[in-house]
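Below is one structure, written out as structure tokens; comments come after it.
Every value quoted in this text rests on a predicted model; they were computed, and no experiment measured them. Note on naming: letters A, B, ... go to the chains in the order of the sequence lines (proteins, then strands), and numbering restarts at 1 for each one.
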Amino acid sequence: MKSTRLRVVTLLVIMATLALGSPAMAEKVLSIGIKSADMGILDPHLSATTANLPIMDSIFNGLVRFRPGSVDLEKIEPDLAESWTSSPDGKVWTFNLRKGVQFHHGFGEMTAEDVVFSLNKAANQETSRWWTNYKSFDKVEAVDPYTVKITLNNNVPSMFGLVLNFHGGMVLSKKAVEEYGDKFKLNPVGTGPFAFAEYVPKQRTVLKAHDQYFRGKPKIDQIVYRFVPVDQGRELAFTKGELDMIEGTKAEWWVEKMRKDKNVIVDILGPGELTVLHFNLTRKPLDNLKVRQAMAYALKRQEFRVLDGLSITEDGVSPVAPGHLGYTSDVEKYEYDLDKAKALMKEAGYENGFDLGKYVASPIYLRTGELVQAQLKKIGITFEIQMVDHPTMHKMIRNDVNPLVPYGCARFPVADVLLTQFYHSKSIVATPTGVTNFSHYGAAMPGVDDLIDAARVEPDTEKQKALWVEAQKKIMTDLPAYPLRVVYVLFARKASIDLGYDLETNISLMYQITEKTDKK
Amino acid sequence: MLSHTIRRILMFIPTLWIALTIIFLLVRVVPGDPTAAIMGDYITEEGVRTLKRQMGLDRPLIEQYFKYLYDLIRGDFGRSLVTDGPVIDQLKTALPHTLELTFCGILVGMVTGIPLGLFLALKRNTVWDYLGRFFSLAGLSFPVFYTAILLILVFSIKLDLLPVMGVGEDGNWGDRLRHLILPSLTLGLLMMSYLTRITRSSMLDVLGADYVRTATAKGLKRKKVIAKHAFKNACIPIVTVLGLYTGILIGSSVLTEIIFNRPGLGSLIVGAMQNRDYITITSVMTLYAGLVITINLITDLSYGFIDPRIRYD
């Protein structure tokens, strides 16, 4: 008897010790694992950190928004603006604001004054990282407390892209920015479904439901974003139940493993990351079109996809990623054909191949580089891979050291962005305006500058898209670069979570949490 | 003794200064800069230049060095180039987590390793000795990240007893302790292996010494011989190893912190390295160097207390 009692007491003590510190279960708390060591700042106009996107997405609104779960610019929804009109030439836009929208933490009603302040802030070099996107803004005026008029100098690729719930388009509380000053960066005040509550460096950011949210009170009481940079760490915490949602490991085996658990839903989403092999046209003999065509025919896209897994990738065929406004797959594809590749090499006078010298790659690009090396060797083209760490590689390829540059990225889904950054002559690396035009396309040979520039100011959407399609076709004919594959983003969530919207694509690189998202 | 202590303490400053200078230069000769981390990989060359000017990275290296040194002497660790927050704040939040973990790791190692080493020395060439040596060798051979994941799989996933990651809620000591158990065990097992082996071998050396034989011959009890005569003399190498491996343990804490997602100096430095946040890297590395130098100093000074021969030199 005595020993039984002792055992019970011991058991209770152990249970009490283990239960110590367990959080209270009264509130509906959603724990999300973010693939990052820390957060950075939460001023959407100043933050370029991917890890912050989902957090800011829940805090702020734009004048218009992507439908939750979609990034289709052609299916834009009203957000803070109820309706809008534009002049026939597309240069004057009038937005009618929703009435009664409340900012978080008692900062009052959102009015035209806040919108004007926010857009002017987004266009100012000192207060925004996105100011160049707003160079076409001539004037932003408050016609009355609920009407905003934007006058443009010239047309822009997508007006909605600039007033959307993303980066510079987010509307901030003027009063809060003025009151907090520099501290606004970590005390954001917006109108979104969730309000900022707490930030513990390198650990977590907590958002609380905004009860006065204009679309209704959120079903979730609290979101806890935890920063877990290591893939295995996130996965273990997710398996254990410490996290409800995570960004996954980009690999087919991971999807298969996760899907074995019935309580887990794995989502494979676009717009994916497009990897393109850029040929440096200033290096002989890469200036020879026949040589580049031979290389394109010798590269087998399927094998590049196998690196990550066929089910989470697709062939990259165009210099623009699928899902982008203006994308086309109707381009010259150069399907794998080794005989044709060899014949072209012979025609170009390089029957016995050639050596491209050294090529720097970071661990992330090593497998892709090795595959390019193996496939091109079949037509006699060789090069030596030199391993460096990732930031070093980024620096060196911008110093124009590589004959070939494989580069993967995901961008805002408008064709203009990828076309400008990678194929406009202004963007050639190692020049003052340089971005990521590694091939020197547009300078080493005539490019598509005129098409990109014309599309940017074309008010007619259909004509604009036609110009982007033409640019993609010309790029694939000139072949300054060869698209390899598109890798999708992977997320996993507990089956008990109802997102509250149809999930097709995602731009914030984590599930969006809206007022309708629920945890059962 | 006093002059020895003062001399050792004075050596601290030039050692730290040399370490700081090497760190400062090393992180800056590596290609890459923090602009990409701030602006994303689509920043223009022009943007890079503007940002570098704003951050003072366009100034000559020597000027940057003296500015950093001058600020540091005034107690200003600078601002992070990426988050723009004061580095001192980051250090203040990260350092306690690292110290807590390292301290608990050493504690686990000492509490288990030293008695085990003693036990093995006394049971020399028995099954216990072979088993103990085998496991301590295994403990040394297991990399920290492997031990950590093994512990998580057993104690968190299978048995569901302890949390996988984080440091727990501030102020909730029970929760913090629960979060500390597995990381401390990970480091503690490593320390235990070191200490078991060194305690065993130095005890064996001492047990064979003349004075131990004399002590036994004059009729002292075995317990007294071991505790007073043998163990005290075996302590010098144990303290040396303890000091030396505490430095190594601080290094191993980087990996442990990353696996258990503890926001200590380890995760701070890895993030800063990836972002090329020079100021943060230099400050954190200098702090690490300072910690290791301090531990070596304490170890050196403690010899004097343990061994009178050193004290009177």
Distance, nearest 0.5 Å, that separates [atom1] of [X] from [atom2] of [Y]:
{"X": "B/L268", "Y": "A/D38", "atom1": "CG", "atom2": "CG", "answer": "8.5 Å"}
{"X": "A/T239", "Y": "B/I152", "atom1": "OG1", "atom2": "CD1", "answer": "11.0 Å"}
{"X": "B/L153", "Y": "A/K240", "atom1": "CG", "atom2": "NZ", "answer": "12.0 Å"}

Check whether [X] gets within reach of chain B through its side chain, its backbone, both or neither, counting any heavy atom under 4.5 Å.
{"X": "A/T431", "result": "backbone"}
{"X": "A/H390", "result": "neither"}
{"X": "A/L243", "result": "side chain"}
{"X": "A/K185", "result": "side chain"}

Exercise. For atom CE of B/M273, is the number of surrounding heavy atoms from other residues, nucleotides or ligands below 6.0 Å larger than 12?
Worked result: yes

For this session: Take atom CE of A/M258 as the centre, draw a 6.0 Å sphere, and report whether it contains more than 12 heavy atoms from other residues, nucleotides or ligands.
Result: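 Enclosed: over 12 neighbouring heavy atoms sit under 6.0 Å from CE of A/M258.
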
Exercise. What option among B/A148, B/G264, B/P263 has the most heavy-atom pairs under 4.5 Å with chain A?
Worked result: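 When all of B/A148, B/G264, B/P263 are compared, B/P263 has the most.
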
Problem set entry | Top contributor to chain A interface from B/S80, B/G166, B/P163, B/G168 [non-hydrogen pairs under 4.5 Å] |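 Answer, by heavy-atom pair count under 4.5 Å with chain A: B/P163.
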
Exercise. Can you pull out the residues in residues 223-233 of chain A with any heavy atom less than 4.5 Å from chain B?
Worked result: A/R226, A/F227, A/V228, A/P229, A/V230, A/G233

Exercise. Do you know the tightest heavy-atom contact between B/V164 and A/E242?
Worked result: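 What the structure gives for the nearest pair is N-OE2, 2.7 Å.
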
Seminar exercise, completed: Here the pair of heavy atoms bringing B/M165 nearest to A/A237 is SD-CB, 3.8 Å

Exercise. Stepwise, does the side chain to side chain contact (heavy atoms under 4.5 Å, CB included) test hold for B/R276 with A/T392?
Worked result: CA-CA 10 Å; B/R276 295 285 193 266; A/T392 305; 2.8 Å; yes

For this session: Flag the one option from A/T436, A/L236, A/D182 with the top tally of heavy-atom pairs under 4.5 Å to chain B.
Result: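 The candidate making the most pairs under 4.5 Å is A/L236.
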
Problem set entry | Contact origin within B/I258 toward chain A - heavy atom pairs under 4.5 Å | both

For this session: Please flag which part of B/D89 lies under 4.5 Å from any non-hydrogen atom of chain A: side chain, backbone, both or neither.
Result: neither

For this session: Identify the residues of residues 94-103 of chain B whose heavy atoms come closer than 4.5 Å to a heavy atom of chain A, ordered by number, or report 'none'.
Result: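 B/H97, listed by number.
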
